Amino acid sequence: MAFNVISKTVMKSLFSKPATAMYPVIKNEFYPNTRGSIEMAHIDNCTFCGICSKRCPADAIAVDRAEKRWEIDRIRCIACSFCVQLCPKNCLSAERQYTAPMTDKSHKLFTIYGQVVSQEDASQEDVSQEDA
Amino acid sequence: MGERTIIPFGPQHPVLPEPLHLDLILEDEKVVGAVPSIGFVHRGLEKLVEKRDFNEMIYVIERICGICSFIHSQGYAQTIEGLMGVEIPARVKYLRTIWGELSRIHSHLLWLGLMADAYGFESLFMHCWRVREKILDIFEETTGGRVIFSVCKVGGLWKDIDNETLKRIVTVLKDVEKETKKMADVFTRDYTVQKRTRGVGVITYQEAIDLGAVGPTLRGSGVVQDMRTLGYAAYGDLVFEPIVEKDGDCYARTIVRVREISQSFDLIYQAINKIPDGEIDVKVKGNPNGEFLTRLEQPRGQVVYYAKGNGTKYLDRFRVRTPTFANIPPLLKMLPGADLADVPVLALSIDPCISCTER
Ligand code: SF4
Ligand code: SF4
């Protein structure tokens with residue numbers, strides 16, 4: 001039995017840089033693989049087939065073919081990337097950055113419209129955020 | 001003889017990261033009995049198989065636990081693959097082994113830290129977790145997640161690790177191994193650590209078998225049992241021996257885990273040396289029909305998966321028997337006769353994972 005086996009490590013860490021990053025000052029770099037938030041990258045390719053919404057294990061995506069609306073609930077989404085891998089048109093992508101924190105749930109839905117059906121809609125909303 | 005008092009221990013307790021609840025019956029400072037109750041984090045995940053198809057279900061299953069998430073998804077995939085008679089490519093087996101062993105290292109390092117924290121050794125706790133962080137970085141780089149990987153699927157994997165990256169992982173791991181050795185030294189040699197763990201919570205060879213202990217709790221009592229010897233994934237091609245200690249006390253259980261970390265490093269090096277090139281998935285056709293049972297070795301011990309399919313895309317039944325559930329009876333055996341101050345150390349020595357247990 002020995003006393004204070006850890007003392008060498010403790011001494012070393014006294015004189016070395018901290019193991020943690022100085023977060024807000026030094027920005028955290030994510031890896032290319034990091035599954036942050038799910039984004040609609042190519043809305044023009046989307047056929048609104050609804051595969052992503054049917055297969056999502058968390059029921060986070062809603063797709064409306066008639067309205068050409070694709071909508072994701074950021075709070076429900078568990079960032080599993082299943083939708084990204086399943087989309088036949090490869091229009092979804094998992095971005096590295098996580099979604100921004102929210103103080104209330106009013107911004108949990110992210111909605112995006114495709115090439116809009118009727119003329120009036122086109123003038124109002126192309127990319128819009130909707131209240132829950 | 002003193003008067004009897006009942007002290008509730010948990011589900012919210014400073015030393016326990018898990019909602020384990022024990023009613024401790026005390027006579028003065030000595031524990032004479034303990035009544036466990038579980039069910040504080042029950043989420044009904046097994047029932048969800050009736051609502052989510054078998055491909056989606058893997059994302060639910062891996063969320064049973066944040067520590068053995070990969071091994072849960074591996075076990076689920078293995079069960080369904082067995083049920084449907086899918087033969088997976090060799091590269092998948094090796095990659096699953098590598099990620100599984102990395103999970104074991106990070107789980108054991110996490111546990112060593114928590115154990116150190118349980119007897120008040122704060123700096124050791126911090127250092128264990130500092131070392132563990134490098135493993136989490138490897139996970140994030142290769143899978144995209146630090147805790148939940150979502151790389152396993154029925155019939156293979158979503159992501160490959162290219163051979164360049166595997167080589168780089170070996171260099172990173174060599175560093176981590178060196179650092180881990182320093183921490184391991186403290187656990188094996190330090191006077192204060194031994195003072196708290198030696199001779200505490202002894203489970204004999206026979207008791208361990210009778211009470212159905214699994215994993216390091218069982219191997220710490222001298223029983224040679226390790227599910228990896230069944231040869232699932234790539235373990236059949238790798239050389240290793242189950243790690244066993246004789247004493248059956250907290251110290252023995254710590255040593256089993258410390259030695260398992262070095263074993264895992266070795267298994268990863270072996271797997272990276274032998275990994276064949278090839279496909280990372282096969283097409284899965286049809287729906288599961290029939291019954292299947294798989295056993296795997298998690299960091300905490302043996303885990304059992306059972307699945308029953310009915311020919312539709314929804315399973316009839318899916319059941320997980322997690323290692324902590326099996327290790328609660330041995331814990332109750334250890335407690336009587338112990339001091340109240342030793343209870344945290346004893347509870348942690350089985351490495352309780354209550355979210356696994358309750359699902
Ligand atoms: S995102 Fe892809 S899967 Fe989803 S509706 Fe559009 S085309 Fe279909
Ligand atoms: S990442 Fe997973 S949970 Fe999130 S929207 Fe896609 S399928 Fe659903």
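Bear in mind the structure is a predicted one, so any value in this text is a computation, not a measurement. Residue numbering restarts at 1 for every chain, and letters A, B, ... go by the order of the sequence lines.
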Given that the side chain runs from C-beta out, which part of [X] has a heavy atom under 4.5 Å from chain A: side chain, backbone, both or neither?
X        : result
B:Thr188 : neither
B:Lys159 : side chain
B:Asp53  : side chain
B:Met57  : neither

Please report the interatomic distance [atom1]([X]) to [atom2]([Y]), rounded to the nearest 0.5 Å.
X        : Y        : atom1 : atom2 : value
B:Glu56  : A:Leu86  : CD    : CG    : 8.5 Å
B:Glu141 : A:Phe30  : CD    : CZ    : 14.5 Å
A:Cys80  : B:Lys153 : SG    : NZ    : 13.0 Å
A:Tyr31  : B:Thr143 : OH    : OG1   : 11.0 Å
B:Tyr59  : A:Cys56  : OH    : SG    : 10.5 Å

For A:Thr20, which atoms come within 4.5 Å of any heavy atom of chain B: side chain, backbone, both, or neither?
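Neither part; nothing is under 4.5 Å.
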### Task
Identify which part of A:Lys12 has an atom lying under 4.5 Å from any heavy atom of chain B, answering side chain, backbone, both or neither.
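Only the side chain of A:Lys12 comes within 4.5 Å of chain B.
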Is it the case that the side chain of A:Arg55 and the backbone of B:Asn55 share a donor-acceptor pair, with hydrogens and angles ignored and the cut-off at 3.5 Å?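 Not confirmed, A:Arg55 side chain does not pair with B:Asn55 backbone.
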query: For chain A, which of B:Arg63, B:Met126, B:Glu133, B:Met183 has the most heavy-atom pairs under 4.5 Å?
result: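 Result: the option with the highest number of such pairs is B:Arg63.
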- prompt: Taking only heavy atoms into account, what residues of residues 33-41 of chain A are found under 4.5 Å from chain B?
  reply: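 If one takes a 4.5 Å heavy-atom cut-off, the residues of residues 33-41 of chain A near chain B are A:Asn33, A:Thr34, A:Arg35.
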Please determine if B:Arg52 and A:Asp59 form a salt bridge, counting it only when a charged side-chain N lies under 4.0 Å from a carboxylate O.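 Judged by the 4.0 Å cut-off on N to carboxylate O distance, B:Arg52 and A:Asp59 do form a salt bridge.
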Note to self: I'd like to know whether CD of A:Glu95 has more than 12 heavy-atom contacts from other residues, nucleotides or ligands below 6.0 angstrom.
What the structure shows: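 Above 12, so yes.
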Exercise. Kindly check if the number of other-residue, nucleotide or ligand heavy atoms within 6.0 Å of CD (B:Glu122) is above 12?
Key: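 Atom CD in B:Glu122 is crowded, with more than 12 foreign heavy atoms closer than 6.0 Å.
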| field | A:Phe82 and B:Trp158 aromatic ring geometry - parallel, tilted or perpendicular at 30°/60° bounds | value |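 B:Trp158 vs A:Phe82 ring planes: perpendicular.
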